[in-house]
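The structure appears right after this line, and notes come after that.
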Protein chains: 2
Amino acid sequence: MKPKLENVAKAAGVSTATASQVMRGAGRISEATRKRVLAAAKDLHYVRDGRAASMRSGENREIGFAIHQIANPFNAEVISGASDMLESEGYLLSVLDSRDDVARQRRNLEAFIQSSRGGLLWVPAEDTDDATYDLLAAHGMPTVTFLRRSGRGRFDHVGIENHEAFRTATGHLADLGHRHIAYLGGSAQFGVRTERIAGYRAIMDERDLAAPIIWDTRDDKLSGLEAMLDLYARHPDVTAVVCNGDMVAIGACAAINMLGLTPGSDISVIGFDDIQDAAIAAPPLTTMAVSPYDLGRKLAKVALERIRDNDMPTSSVLVPAELVERETTGRPRGVNRQKRP
Amino acid sequence: MKPKLENVAKAAGVSTATASQVMRGAGRISEATRKRVLAAAKDLHYVRDGRAASMRSGENREIGFAIHQIANPFNAEVISGASDMLESEGYLLSVLDSRDDVARQRRNLEAFIQSSRGGLLWVPAEDTDDATYDLLAAHGMPTVTFLRRSGRGRFDHVGIENHEAFRTATGHLADLGHRHIAYLGGSAQFGVRTERIAGYRAIMDERDLAAPIIWDTRDDKLSGLEAMLDLYARHPDVTAVVCNGDMVAIGACAAINMLGLTPGSDISVIGFDDIQDAAIAAPPLTTMAVSPYDLGRKLAKVALERIRDNDMPTSSVLVPAELVERETTGRPRGVNRQKRP
DNA sequence: GACGCTTGATATAACGATATACCAAGATTG
DNA sequence: CAATCTTGGTATATCGTTATATCAAGCGTC
């Protein structure tokens with residue numbers, strides 16, 4: 001049923017070796033036989049068995065992306081960017097979603113190893129244990145971690161300047177006159193959040209603002225909404241929130257609306273990511289922008305270099321985020337309009 | 001570097017055949033040697049080469065999902081559902097995104113064939129040509145199409161009762177007293193949209209309402225917003241819109257807000273999908289709900305049956321959608337409150 | 001003690017492609 | 001014209017597993 005190289009070769013009246021060379025465009029083959037083989041292949045709907053090919057040649061042009069959450073529009077954009085870059089170089093990207101579950105992630109990564117994917121883009125799940133990093137390192141899988149850093153420098157990394165970005169975000173609110181600024185979406189011990197929280201704390205400290213408030217929540221709108229309602233009930237003096245992501249921020253804005261208040265004038269909200277929704281939210285969300293598509297391309301580029309030479313020293317790229325002022329940040333009530341510092 | 005079965009076998013002092021049997025839990029092996037082999041395997045960080053295994057055994061527990069758009073929260077939920085169902089049966093799901101591009105889809109599907117994935121879940125890209133269906137059929141790939149039907153009955157299908165759902169949606173608006181109802185997100189010739197549009201048209205016709213207006217737009221918020229602005233400029237008499245999806249509907253609501261009007265009282269909007277955003281949008285969106293997670297599970301279940309017996313006659317499952325009334329639909333201005341029929 | 005039966009393990013041939021080495025025939029050279 | 005090169009092609013071992021057949025040893029049975 002499934003045609004193999006042997007069938008193609010027989011149909012074209014050549015050896016499998018010759019057929020193989022034609023299919024790969026390798027070796028020295030006369031134009032006449034080349035055409036004959038190609039015709040036979042098309043005729044039989046031949047598709048080569050990549051397992052056999054990759055086993056023998058040691059090459060695999062399928063790259064894996066192990067990500068913590070597919071359902072996030074930011075991540076989806078990253079995937080698009082990475083995919084485009086890889087495709088332009090003749091590779092292909094398949095995605096496995098761990099949903100931040102370490103057991104599922106383990107299964108996913110083992111599947112990548114089992115199929116000897118050509119390389120691996122990876123956003124490690126929270127609480128990923130060392131054994132998992134060891135596994136990849138032990139198998140010599142060309143790996144680039146993304147966003148969440150770890151693995152003790154054994155892997156390349158592409159990420160965001162989180163610390164600096166949250167200094168900027170918090171600083172922006174402070175500049176506007178806010179003193180009680182909370183951080184929404186914190187708590188987890190993982191690298192990214194601690195970097196971000198550190199940036200937030202640094203400004204709260206340097207500018208001598210009120211005591212930091214870190215409020216936990218997951219990364220989606222509904223959680224952001226609930227967390228904001230909670231926060232407001234417990235800390236009514238908070239006039240501004242820095243959010244761990246746009247999803248949370250948009251949820252928070254929805255909560256503020258539900259409370260009969262207005263984001264930007266009653267409570268200021270600043271997000272992170274600049275997802276498509278941010279610009280068309282009501283009101284449009286002030287946020288820290290990084291281009292996820294470009295980030296994805298960058299990520300893929302680093303991976304390609306690693307794949308081409310697995311002996312290079314590991315590298316690390318951090319991309320800065322940029323403040324995009326829209327309408328959810330403003331002066332707190334009771335602070336007079338004055339020149340910005 | 002990469003350990004193979006031979007190394008494990010040698011370390012345990014047995015043959016590769018024995019080691020293989022231990023790793024698979026097959027054959028008759030004494031408890032003592034079983035333990036010795038397992039220990040050796042763990043010791044060497046052994047992970048079996050799935051390519052070789054699947055080549056020899058003809059089995060592959062990695063399932064592919066070829067989808068038209070990862071970045072859609074509805075689809076993301078479907079993926080989660082399918083993934084959970086498959087995992088519970090010891091399979092694993094990897095996702096390739098075609099972004100509705102037929103060339104990219106072709107490459108993706110060929111990759112699935114090359115690696116001989118155990119089965120295939122597939123939302124065909126718009127304008128998929130027959131040759132692509134033929135390709136899968138020719139290779140005997142166990143395939144279930146999802147949402148978009150085609151392939152002339154050669155594949156199992158899981159989908160939504162689109163026609164009936166859009167009769168319900170349009171009927172709901174008609175019941176409220178609307179006469180000028182537009183369809184937002186139409187035009188493409190593909191199955192799903194024509195089914196939906198047919199349902200809409202049927203009601204417009206049966207109830208003797210104004211002439212149908214079909215307005216084209218892509219499936220995201222920004223496009224929905226632009227389309228709604230456009231529609232309003234050209235057809236100011238429209239008092240209600242049925243949308244092809246929640247993303248479009250939410251975009252449309254944003255547009256209505258921008259125009260200084262209120263969704264639900266000035267212009268009614270009804271969506272489709274009931275994504276998470278629908279419930280927390282401002283105002284909350286009336287929509288036709290199907291549970292994407294359950295849909296994903298169902299899809300996976302059908303695929304598993306197909307994988308287990310590829311000679312079964314093909315089946316088709318259509319899941320109904322359900323009206324969820326929230327706040328974006330109401331009586332048109334100027335129509336008196338009256339008993340619902 | 002020859003016979004069958006069970007248990008635990010092994011030797012070996014696939015699976016489908018590709019890398020390597022090799023070869024025949026014609027063309028080129030000194 | 002013998003020696004060398006080029007061209008176009010093939011035979012074969014190999015990648016890492018697993019399925020199949022086979023086998024030796026122990027054990028009971030008549």
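If you're wondering where the values come from, they're calculated on a predicted model, not measured in any experiment. Just so it is clear: chains get the letters A, B, ... in the order the sequence lines come, proteins before strands, and each one is counted from 1.
- Rounding to the nearest 0.5 Å gives a distance of 11.0 Å between OG1 of A/Thr16 and CG of A/Asn7.
- The bend of the helix from C/dG1-D/dC30 to C/dG30-D/dC1, defined by the angle between the axes of its first five and last five pairs, stands at 60° to the nearest 10°.
- Cation-pi contact between B/Arg117 and B/Phe112: absent, since separation from the ring centre below 6.0 Å together with deviation from the ring axis within 45° is not met.
- The closest donor-acceptor contact from the side chain of B/Arg48 to the backbone of B/Lys4 lies at 3.5 Å or more, if one exists at all.
- Distance A/Tyr46 OH to C/dG16 P: 10 Å, rounded to the nearest Å.
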Set out, line by line, the N/O atom pairs under 3.5 Å between protein and nucleotides 19-21 of chain D.
{"from": "D/dA19", "atom 1": "OP2", "to": "B/Arg24", "atom 2": "NH1", "distance (Å)": "2.4"}
{"from": "D/dA19", "atom 1": "O4'", "to": "B/Arg56", "atom 2": "NH2", "distance (Å)": "3.2"}

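- Between the side chains of B/Thr128 and B/Gln105, at least one donor-acceptor pair of N or O atoms lies under 3.5 Å.
- Within the 3.5 Å criterion, the main-chain N or O of A/Ser116 finds a donor-acceptor partner in the side chain of A/Asn60.
- Checked against D/dT10, D/dC15, C/dT10, the side chain of A/Met55 finds its nearest nucleotide in D/dC15.
- Looking only at atom types and distance, the side chain of B/Arg51 has no donor-acceptor partner in the side chain of A/Ser115 under 3.5 Å away.
- The nearest whole Å value for the distance from the CE atom in A/Met23 to the P atom in C/dA17 is 10 Å.
- Looking only at atom types and distance, the side chain of A/His68 has no donor-acceptor partner in the side chain of A/Ser98 under 3.5 Å away.
- Nearer the 5' end of DNA chain C, as judged by each residue's closest nucleotide, is the contact made by B/Ile29, out of B/Ile29 and B/Ala52.
- At the heavy-atom level, B/Arg51 lies nowhere under 4.0 Å from the strands shown.
- Salt-bridge check for B/Glu126 with B/Arg99: failed, with every basic side-chain N at 4.0 Å or more from each acidic carboxylate O.
- For the 3.5 Å distance criterion, the side chains of A/Glu62 and A/Ser94 qualify, holding a donor opposite an acceptor.
- As judged by a 4.0 angstrom heavy-atom cut-off over every strand, A/Ser30 is placed among residues touching the sugar-phosphate backbone only.
- The aromatic rings of B/Trp122 and B/Tyr133 sit tilted relative to each other, their planes meeting at an angle between 30° and 60°.
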Distances under 3.5 Å only, N/O to N/O: pair up the protein atoms with those of nucleotides 5-7 of chain C.
none

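- Side-chain contact check for A/Ser30 and A/Thr33: at least one donor-acceptor pair (N or O, by modelled atom type) lies under 3.5 Å.
- Among the protein residues, B/Ser54 comes within range of no part of the nucleic acid, since none of its heavy atoms lies under 4.0 Å from any strand.
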